[in-house]
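The model shown is predicted, which means the values in this text are computed figures rather than measured ones.
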Amino acid sequence: MTEAGTAPEVKLDESWKKALADEFAKPYMGRLKAFIQDRRAAGAHIFPKGSEYFRALDLTPLDHVRVVILGQDPYHGEGQAHGLSFSVRPGVKIPPSLTNIYKELQADLGIAPARHGFLEHWAKQGVLLLNAVLTVEMGQANIHQGKGWEHFTDAVIRAVNDQPHSVVFILWGSYAQKKAAFVDTSRHLVIKSPHPSPLSAHNGFFGSRPFSKANRFLEAKGYPPIDWQLPEDPRLS
């Protein structure tokens, strides 16, 4: 992959380009690019589109990150993934995991569930909506695990950890929680719970109150809280 990503139209904020320049030059990224090209040549439908692989990093500059919400890999349904973990574009049906996130948000902060699943409003406030693996194939969850993305997103987490300000890491599910190994918990807050998927949400995700915990920590450090209330009109995100 080139420094800017997989294609000329890819956008990546300059802060991340500088922080991750060494990663883009490493052999594993070349192998990852070749793997994705081979899968495309074989007719695989890969999500999100190439220009959106690094959408989370472009919307949330490194020095602006206040909260990290880490997912596993993108949604694998047609028209769902657009580069932000758990988010879907306006007009796309809200996926079950995000429905459960909204339920917990309402129980935690009294915020009624949004009628859309577009989370750019969070991203633009410093919530890095990152997946551990940044690509997937249609109808095949986790198919791109172990191909190199994990090394890249490890570097992303390390870069956030090295920032001078304190950050909240919200890690849902055992896969995401592996990234906690890179976080200095003496400076940052790590919030762990089961994944919001319908398969696991009732095992401790519900009732975990991550949104209020994150805001209390930020305010205690002298930072403004996140406005978790999404605009009624997603175009205003």
- request: Measure across A214 and W228 and return the closest heavy-atom pair with its distance rounded to 0.1 Å.
  value: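 The answer is CB-CZ2, 4.4 Å.
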task: List the steps, then state whether side chain to side chain donor-acceptor pair (under 3.5 Å) holds for S212 with D108.
output: CA-CA 7 Å; S212 61; D108 189 2; 2.6 Å; yes
message: Checking D227 now: which residues fulfil side chain to side chain donor-acceptor pair (under 3.5 Å) with it, not counting sequence neighbours?
response: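 Partners of D227 under the side chain to side chain donor-acceptor pair (under 3.5 Å) test: H121.
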- request: Just do the side-chain contact (heavy atoms from CB on, under 4.5 Å) check on D154 and F182 with the steps written out, would you?
  value: CA-CA 8 Å; D154 283 352; F182 306 114; 3.2 Å; yes
query: For residues 129-140, which residue pairs qualify under side-chain hydrogen bond (donor to acceptor under 3.5 Å, both in side chains), counting only residues two or more places apart or in two chains?
result: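 Output for this query lists R39-E137, T135-H144, T135-W149, E137-H144.
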Worked verdict on Y53 versus F47 for ring-ring contact (aromatic ring centres under 6.0 Å, His included): CA-CA 8 Å; Y53 288 176; F47 305 134; over 10 Å; no
field: Shared hydrophobic cluster for V68 and V156 (ILVMFWY, side-chain gaps under 4.5 Å)
entry: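 Looking at the clustering, V156 is in the same group as V68.
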message: Starting from V67, can I reach L98 by hopping between I/L/V/M/F/W/Y residues whose side chains sit under 4.5 Å apart?
response: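 Hydrophobic grouping puts L98 with V67.
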ring-ring contact (aromatic ring centres under 6.0 Å, His included) between W172 and F205, worked out: CA-CA 8 Å; W172 290 329; F205 172 76; 5.3 Å; yes
query: Would you say I143 and Y75 are hydrophobically clustered, going by side-chain heavy atoms of ILVMFWY under 4.5 Å?
result: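 Cluster IDs for I143 and Y75 differ.
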query: Hey, are the side chains of E23 and Y28 touching, using non-hydrogen atoms and a 4.5 Å cut-off?
result: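 The answer is yes, as the side chains (C-beta and beyond) meet within the 4.5 Å cut-off.
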task: Search all heavy atoms of G71 against all heavy atoms of F86 and return the closest pair with its distance.
output: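 Heavy atoms only, the tightest pair is CA-CE1, 3.8 Å.
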- request: Please answer: with hydrophobic residues joined when any side-chain heavy atoms are less than 4.5 Å apart, are L129 and L105 in the same cluster?
  value: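 Both belong to a single hydrophobic cluster.
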message: Quick check on R187: does its CZ atom have over 12 non-hydrogen neighbours (other residues, nucleotides or ligands) under 6.0 Å away?
response: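 Enclosed.
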query: Donor-acceptor pair, N100 side chain versus P196 backbone, under 3.5 Å?
result: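 Flag set: sc N100 to bb P196 pair under 3.5 Å.
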field: Side-chain heavy atoms of I111 within contact of Y102, under 4.5 Å
entry: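 They are not in side-chain contact.
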- request: Please check if the distance between the ring centroids of H188 and F169 is under 6.0 Å.
  value: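 Here the rings of F169 and H188 have centres that are less than 6.0 Å from each other.
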Derivation and outcome, salt bridge (charged side-chain N to carboxylate O under 4.0 Å, His left out), residues R55 and E120: CA-CA 10 Å; R55 180 67 172 157; E120 281 200 0; 2.8 Å; yes
query: Should the pair F24 and F54 be assigned to parallel (<30°), tilted (30 to 60°) or perpendicular (>60°) ring geometry?
result: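 It falls in the perpendicular class, over 60°.
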- prompt: What distance separates K17 NZ from D58 CG, expressed to the nearest 0.5 Å?
  reply: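 If we round to the nearest 0.5 Å, K17:NZ and D58:CG are 8.5 Å apart.
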message: Quick check: is L57 connected to I157 through a chain of hydrophobic side chains (ILVMFWY, heavy atoms under 4.5 Å apart)?
response: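 Shared cluster, yes.
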